[in-house]
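Structure record follows, encoded as structure tokens.
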Amino acid sequence: MKTLLTTVGLLALSVSISAQKIIHKNVYSKKMNKEIETVIITPNLVDGETYKTIYILHGYSGNPDRTYKQDIPDLVSKSQKNKTIYVLPNGNFNSWYVDSPVDKSSQYQTFIGKELVDYIDANYPTIQNRKFRGILGWSMGGYGATNIGIAYKNTFSIVGSSCGALDFNRFGESFHNYQVDKFLGEFKSLPKQYLTFDKTKQMQASNQFYIFDCGTEDAQMIDMNRDFHKLLTNEKIEHLYIESLGAHDTNYWSKALSNQLALFENYFGSEGK
């Protein structure tokens, strides 16, 4: 009888828990009038429970599948351990996650900051409070996460960038080579709204926490990240800046992103439910 009751109890428990999932979803963007491939990683979902969400933006030429299979290979286990839903939108290889003034089919800032968040909150058991919603990315995704996070201060409370491409003023030929001009036009006529270094006033008033890191051997990004850290320090904008050994490659950002995700969880924990 005891065994039978135990079995019945376990069966009852299993009804209220859905297995951890990696969900591939095409999410419709009204502003772009197209569907955007998105991967949603959930822990085991328990009826009545709500979960933190982190939006993770891949780098130039990346994609959501590569994110959890190669760039952050323990992301699935992290979702279960941290009881957090991870949302991985496809940045279309080279969109730079901007609302492009020259290509109306590339409006990724609005999609990620507004449309995708609305979709996730409507379809998954999220904690619908900015205190438990964050955004981070690396390289191109670091630029995207920083600027989307700042633009949507009432949506995201914590923003992270790893080896982020934060300063177009230093790109030189890379502005063309990495197709930034395809979405933002010629650099000489670039509006200041696309320059991260010009957003300190917004950051001062955002009530957000920021995390930036970069590898000391990252010749592409280290100087701009150091200078952004100095700028934020001078402007008395609360943030955490980390440097460690590493170049602009998967070996570096895989470890750095894992560290940032742990810091995100510490931040969420300090906020309380």
Side-chain angles (χ1 to χ4, degrees), residues 18-45 50-80 82-128 130 132-149 151-152 155-156 159-160 178-180 182-184 253 257 261:
S18 62
Q20 182 176 24
K21 294 178 180 177
I22 302 172
I23 302 162
H24 288 74
K25 202 80 175 178
N26 290 325
V27 180
Y28 178 71
S29 167
K30 182 178 180 180
K31 188 163 187 180
M32 291 189 279
N33 191 29
K34 64 181 180 181
E35 293 183 332
I36 306 300
E37 174 196 10
T38 304
V39 171
I40 303 128
I41 300 173
T42 75
N44 294 335
L45 300 179
T50 53
Y51 299 86
K52 302 157 290 185
T53 48
I54 299 176
Y55 291 73
I56 301 176
L57 310 188
H58 64 74
Y60 176 88
S61 79
N63 60 71
D65 281 339
R66 171 180 160 154
T67 296
Y68 75 86
K69 292 178 180 178
Q70 181 178 340
D71 296 309
I72 318 175
D74 61 345
L75 194 59
V76 175
S77 62
K78 284 183 184 300
S79 174
Q80 182 59 34
N82 298 326
K83 308 301 182 190
T84 299
I85 296 173
Y86 297 127
V87 184
L88 287 53
N90 194 325
N92 198 29
F93 192 90
N94 60 354
S95 71
W96 287 91
Y97 299 105
V98 298
D99 280 356
S100 171
V102 297
D103 183 354
K104 297 307 179 184
S105 70
S106 190
Q107 305 293 303
Y108 283 86
Q109 177 169 294
T110 296
F111 171 68
I112 294 168
K114 171 62 176 169
E115 295 176 329
L116 184 57
V117 172
D118 287 349
Y119 174 85
I120 295 297
D121 281 356
N123 290 277
Y124 296 88
T126 61
I127 305 173
Q128 296 185 20
R130 69 183 291 276
F132 302 97
R133 190 187 297 114
I135 185 168
L136 82 155
W138 66 98
S139 195
M140 179 184 83
Y143 171 85
T146 302
N147 288 277
I148 292 171
Y152 288 91
T155 301
F156 304 103
V159 177
Y178 286 95
Q179 299 91 51
V180 187
K182 178 181 177 181
F183 300 101
L184 294 180
W253 62 63
L257 291 164
L261 287 170

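Quick note: residue numbers are just sequence positions, from 1.
- Between Ala145 and Gly137, the closest heavy-atom pair is CB-N, 3.6 Å.
- Looking at every heavy atom in both residues, Leu184 comes nearest to Pro101 through CD2-CD, 3.8 Å.
- Between Tyr60 and Trp96, the ring planes are tilted. Angles from 30° to 60° get that label.
- By the 4.5 Å heavy-atom criterion applied to side chains, Gln80 and Asn44 are counted as neighbours.
- With values rounded to the nearest 0.5 angstrom, Lys83 atom NZ is found 10.5 Å from Thr42 atom OG1.
- Side-chain contact between Glu35 and Met32: absent, with no pair of heavy atoms (C-beta onward) separated by less than 4.5 Å.
- Note that OG of Ser95 and NZ of Lys182 are 10.0 Å apart. Values are rounded to the nearest 0.5 Å.
- Checked by atom type and distance alone, the side chain of Asp74 never pairs as donor or acceptor with a backbone atom of Ser77 at under 3.5 Å.
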- Message: Test side chain to side chain contact (heavy atoms under 4.5 Å, CB included) on Phe93 and Asn63; report intermediate values, then the result.
- Response: CA-CA 7 Å; Phe93 192 90; Asn63 60 71; over 6 Å; no
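- Summarising the geometry, atom NZ belonging to Lys78 is positioned 10.0 Å from atom CD1 belonging to Ile54; distances are rounded to the nearest 0.5 Å.
- Asn147 has its side chain out of reach of Tyr97: every pair of non-hydrogen atoms, C-beta onward, lies at least 4.5 Å apart.
- Taken to the nearest 0.5 Å, the OH atom of Tyr152 stands 10.5 Å off from the CD1 atom of Ile135.
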- Could you go step by step and tell me if Ile40 and Asn123 meet the side chain to side chain contact (heavy atoms under 4.5 Å, CB included) rule? CA-CA 11 Å; Ile40 303 128; Asn123 290 277; over 6 Å; no
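- Taking the side chain as every heavy atom from C-beta outward, Tyr143 and Val98 approach each other to under 4.5 Å.
- Contact between Met140 and Gly91 at its shortest, heavy atoms only, is CE-O, 4.4 Å.
- Looking only at distances, no side-chain donor or acceptor of Asn90 sits under 3.5 Å from a matching main-chain atom of Ile36.
- Remark: the backbone N or O of Glu37 is not paired with any side-chain donor or acceptor of His24 at under 3.5 angstrom.
- The closest side-chain heavy-atom distance from Leu75 to Leu257 is not below 4.5 Å.
- Taking 4.5 Å as the limit, some side-chain heavy atom of Phe156 sits within range of a side-chain heavy atom of Ile148.
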- Task: Run the numbers on Glu115 and Val27 for side chain to side chain contact (heavy atoms under 4.5 Å, CB included), then give the verdict.
- Result: CA-CA 9 Å; Glu115 295 176 329; Val27 180; over 6 Å; no
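- Using a 4.5 Å heavy-atom cutoff, the side chains of Tyr124 and Ile23 are in contact.
- Heavy-atom neighbours of Lys25 NZ from other residues, nucleotides or ligands within 6.0 Å: at or below the threshold of 12.
- Qualifying side chain to side chain contact (heavy atoms under 4.5 Å, CB included) partners for Asn33, counting only residues two or more places apart in sequence or in other chains: Tyr28.
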- Task: Determine, stepwise, if the pair Tyr86 / Thr67 fulfils side chain to side chain contact (heavy atoms under 4.5 Å, CB included).
- Result: CA-CA 11 Å; Tyr86 297 127; Thr67 296; over 6 Å; no
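- Remark: Ser105 OG to Lys31 NZ distance equals 12.5 Å, nearest 0.5 Å.
- No side-chain heavy atom of Leu88 sits less than 4.5 Å from a side-chain heavy atom of His58.
- Of all the heavy atoms in Thr146 and Val159, the pair that sits closest is CA-CG1, 3.7 Å.
- The backbone N or O of Thr155 sits less than 3.5 Å from a side-chain atom of Arg133, completing a donor-acceptor pair.
- The ring of Tyr108 has its center no closer than 6.0 angstrom to the ring center of Phe183.
- Note that OG1 of Thr38 and CZ of Phe111 are 4.5 Å apart. Values are rounded to the nearest 0.5 Å.
- With a 6.0 Å radius and a threshold of 12 heavy atoms from other residues, nucleotides or ligands, Lys30 has its NZ atom at or below the threshold.
- Closest approach of Gln107 and Ser100 over heavy atoms only: NE2-O, 2.8 Å.
- Looking at every heavy atom in both residues, Ile22 comes nearest to Val39 through CG2-CG1, 3.9 Å.
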